[in-house]
Amino acid sequence: MLELVDIHTYYGESYVLHGVSMAVGEGTIAALLGRNGMGKTTTIRSVIGFTPPRAGVVRFRGKDITNLKPHRIAKMGIGLIPQGRNILPSLSVKENLTVAARRRGRETDWSLDKAYSQFPLLEQRAHLKGDLLSGGEQQMLAIGRALMTNPDLLLMDEPSEGLAPKIVRDIGIIIGQLRKQGLSILLVEQNLPLALSVSDYAFIISKGKIVFESDAAELETNEEVKERYLSATK
Amino acid sequence: MKKIGLALLVVGLLVSLGLVSPTQKSFAAEPIKIGAILNYTGPAAMLGPLFKNGIVMALEEYNSQIAGRPLELIVEDAAGSPNVCLEKARKLVERDKVKIIIGPLMGDAQLALGPYLANKGVLATGLYCAMFELTKYQNWLIYPTTALGLTLPLGWYAADKGHKTMVMIIADYAGGHAFMKGVRTGFEEKGGKVVQEVLVPVGTADFGPYISNLKNADCVAFFVPNTGDSSRLVTQYKEFGVKMPLYGTTLAADLPEHVMKELGDKVVGLQGQALYIWSLDNPVNKKWVKAMEKRFGKTPGGLANNSYCITSSILAGLKATGGDETFSKLWPAVLKVKMDTPQGPLAYTKEGVALANGYIVEAKRINGRYSWDPIKVYPAVRDPRLK
Amino acid sequence: MENLVINLLNGLSYGMVLFLIASGMSIVMGAMNIINLSHGVLYMIGGYVGWTVAVKLGAPFALGLLAGGLAAGLVGLMLERGFLRFLYKQPNEQVLLSFGFVYILSNLSLWVWGGWPRMPFTAKFLSGSFEILGRAYPKARFATIVFGLVLAGILWWLQDRTRVGAMVRAGMDNKEITMGLGINLERLFAIVFFVASFIAGLAGVIGAQLLGVYNALGLEILLLALIVIIVGGVGSIQGALLGGILIGLVDAFGKALFPRFAMFTMYFTMIIVLLLKPRGLFGRKV
């Protein structure tokens, strides 16, 4: 579904990604793990086109999307759930959901009704301005917003950040449901238990390079790697 | 050899700097330079060419030469700014070496030039009146009279028509006050009383609010500068259905025929004072209008008349001095000039202010053509402050 | 009493013209972060073209209105597509460039329409006045109030009740995220710019009923628009409407009550609003 081949990305003058290569298989969830500042979000930004790579190739469904504009990349079927939620404050909950919505003509398409039944809390708050919601509600809204574009691939950047444990559990359940529905997901997370519980495959990035990759189950039992690259992130 | 070469170099340098001329040019062939500062850009942009026509016509009547010296006209753009006018004046006096400058038009620019031109001994003129204050420099020709003098006839006329009270709408700047002071002076001289003065800031686009709040009087007199403001005021005045008769100053200049046509019936019946109308019925004017139409392809108005009369006075003075433009000789010669101009008889007071006719005109539509019709003349109008 | 009503109407009619000119500029500033100083010249071009169509060619006023809007819209679009869009992140350059266009377009207008000002003009059925409380009031001014309110309604509806409006507001909130959701903001912004310019052109013809058209309008109107935007806040129709009405009323009552200082009432208002609400009355939380 998604392939990154030897990506080198700069953020301003800062050389952040030093040749990142990874992939997300169709219908699978790949976790991208690592400490703060190692390049996780930059990787997401490189895929969606906010900070395009200076070298290397990004392929989505076999097509080269490396230097396309973000809106075109998104339209091809990639849904973005950015770090920090980034709800649009001038828009109501309903507008946040519908503003970017796209249909693909399938029976299983996400619609406003479907989104409301998945996230009933949002229907209750439909006419409130987006920034009046709690953190957990905003996360639901961000997920719903991306789903409304009916993507094939979701880019989720730290969905559990700043949320209470119960909400985090709910998010885990939702992610699992999305996977069952056939979505592919690239999940950036610092919450290791959450990431490993939902993912099929895991990549660890350190100082802009992929230093380890394996099945999620295998990583779960690999204390040495976890200690080396992921400690102080629990 | 070296010394000759050096001498040659020095001489060549001096010649090229114009400090020494190889042949002594005869005084007679050296041109008399006349400077003019006219508006080609800025809010009065359309007026520059009209003034220039009058100047050119006067020059050509003398075959562009006096006493064997060619007359050279150097025109600069006033650009609607006193600062720019001062720069241009400096350039004319110091680089072009003129001793005569015609214009600028605007009062604030004239005041800015006052001290400088007096200092340099340049014969200065306005283009359409000028303020009495300039007479203190004793080098300004003011035609056809001071700003106050220009509008005296309107004040007299309002009183002569039997009005006892008046409201005045005045553009709030030096020129505006000067013009309307004449109306008030004339009106009060004949027993009238001004009951309200509405000061409108320069650049007011919408007079509506002012018009809505005028007190009741026998008549309303106004001055706002330039075509845009005058026409808007007249239009808005009519739109609000104000019943008091409206009198304008400088209307004939501000609202030429093509503008009257656009205003249509709103302007018909409007009365005001004018210094010149093309239809004035005297032999000098009839001849002049024909000549102007032939030369420039359009009927002249007050602006061309002004610049023409001013220039003609100066040229008559130059003729009297035998082509000598030094100020101490030229100035008294011009003051002695008496001539019949297109707008009537012309003479000068010893302050340099002209004594000319003041006309009352009315906007009429005759056979589909709009014009200002002279309905009364006040001869040799004189600002009461003059000696 | 009649005086109060007349002054009120004067203020509202003038205020509507101000609203029209400020609304486009404010939305462009809020959505695209573009400071377009040539907005005032677009107003003037609209007025001139409207004059040419409605007065010189004698066509119906409504046609002149449409023509003025289209002319301004097209010129504005050319400016944005050809020049301003390359300067999205450079406000200083935008100011310089758009100011340069003020001079270029003003001089072009001078060349095309000459230096003589155009007289106020309006539709035939709107000339003349009708009676309000025993006083005559020009029909055209009244029509201006109505027109302004209708347009305000349409624009507000577009802004707050349509998906396109939501997209624009989203772009104002967070340009990057909005694009990341698949919305083509570049194309949307070009449309917004066109609409803003179109409205400026409409404003030029509407305003011409009261003020006529003349060459100095480009900068005069710009100044007024900026004051309205500062008072009303950037980026919303409501802000432009309230700002315009407030300034219009302040101006009208100022001229009625203290004519000599009427010039300053606008600036006083602006200062007071800035002290109380630095972002303007309806400024966006940015």
Side-chain angles (χ1 to χ4, degrees), chain B residues 39-50 80 169-173 196-215 226-243 254-267, chain C residues 2-3 5-11 13-14 17 51 55-56 106-107 110 114-122 126-131 135-141 207 209-217 220-221 223-224 248-249 251-264:
Chain B
N39 294 70
Y40 284 94
T41 59
M46 53 282 198
L47 303 182
L50 300 175
I169 302 178
I170 310 178
D172 197 1
Y173 74 110
Q196 185 192 22
E197 256 189 27
V198 178
L199 301 176
V200 301
V202 176
T204 298
D206 187 7
F207 297 97
Y210 296 107
I211 295 172
S212 302
N213 293 287
L214 298 173
K215 289 204 178 103
N226 74 56
T227 303
D229 291 8
S230 301
S231 56
R232 270 198 300 283
L233 183 77
V234 170
T235 309
Q236 290 161 1
Y237 191 90
K238 289 279 184 284
E239 274 180 354
F240 276 89
V242 183
K243 299 275 190 307
D254 282 338
L255 305 179
E257 193 186 335
H258 68 270
V259 173
M260 291 170 85
K261 206 162 134 203
E262 232 189 294
L263 283 172
D265 285 331
K266 292 193 205 82
V267 77
Chain C
E2 312 84 56
N3 258 1
V5 172
I6 299 287
N7 286 328
L8 197 68
L9 290 174
N10 283 337
S13 53
Y14 189 50
V17 178
W51 179 88
V55 176
K56 185 129 189 252
S106 291
N107 272 296
L110 190 64
W116 290 98
R118 303 294 157 203
M119 305 298 110
F121 61 95
T122 184
L126 286 177
S127 44
S129 49
F130 57 78
E131 258 201 37
R135 299 266 299 267
Y137 197 75
K139 287 184 196 165
R141 286 186 190 243
Q209 294 176 112
L210 280 60
L211 311 174
V213 197
Y214 47 98
N215 206 256
L217 264 182
E220 278 180 27
I221 289 289
L223 183 61
L224 291 170
L249 288 174
D251 185 65
F253 281 98
K255 284 179 178 167
L257 300 172
F258 5 86
R260 192 149 195 200
F261 301 105
M263 279 204 93
F264 301 110

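Values below: every heavy atom of this structure, side chains too, minus hydrogens, waters and symmetry copies. Letters A, B, ... are given to chains in the order of the sequence lines, protein chains preceding strands, and every chain is numbered from 1.
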Q: Can you tell which part of Leu210(C) gets under 4.5 Å to a heavy atom of chain B, answering side chain, backbone, both or neither?
A: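 Interface part for Leu210(C): both.
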Q: Under the rule for ring-ring contact (aromatic ring centres under 6.0 Å, His included), what residues qualify as partners of Tyr237(B), not counting sequence neighbours?
A: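 Expected list: none.
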Q: So for Asn3(C), is it side chain, backbone, both, or neither that comes closer than 4.5 Å to the heavy atoms of chain B?
A: side chain
Q: For a quick test of reading the model, state the closest non-hydrogen atom pair linking Leu8(C) to Phe253(C) and the distance between them.
A: N-CZ, 3.9 Å
Q: Pick whichever of Leu9(C), Leu211(C), Asn107(C) has the most heavy-atom pairs under 4.5 Å with chain B.
A: Leu211(C)
Q: Side chains of Trp116(C) and Glu262(B) only: does a donor on one sit below 3.5 Å from an acceptor on the other?
A: no
Q: Output the option from Thr204(B), Val198(B), Thr235(B), Val234(B) having the highest count of non-hydrogen pairs under 4.5 Å with chain C.
A: Thr235(B)
Q: Taking side chain as everything from C-beta outward and backbone as N, CA, C, O, which of these in Asp206(B) sits under 4.5 Å from a heavy atom of chain C? Side chain, backbone, both or neither.
A: both
Q: Could you list the residues that satisfy side chain to side chain donor-acceptor pair (under 3.5 Å) with Thr41(B), not counting sequence neighbours?
A: Asp77(B)
Q: Measuring heavy-atom distances to chain B, does Glu131(C) have an atom under 4.5 Å in its side chain, in its backbone, in both, or in neither?
A: neither
Q: With chain B as the partner, which of Ala216(C), Pro120(C), Ser129(C) has the greatest number of non-hydrogen pairs under 4.5 Å?
A: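 Option with the top pair count is Pro120(C).
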Q: For Arg135(C), is it the side chain, the backbone, both, or neither that has a heavy atom closer than 4.5 Å to a heavy atom of chain B?
A: side chain
Q: How about Tyr137(C) and Phe240(B): are their ring centroids closer than 6.0 Å?
A: yes
Q: Between Asn213(B) and Leu257(C), is there a donor-acceptor pair closer than 3.5 Å when you use the side chain of the first and the backbone of the second?
A: no
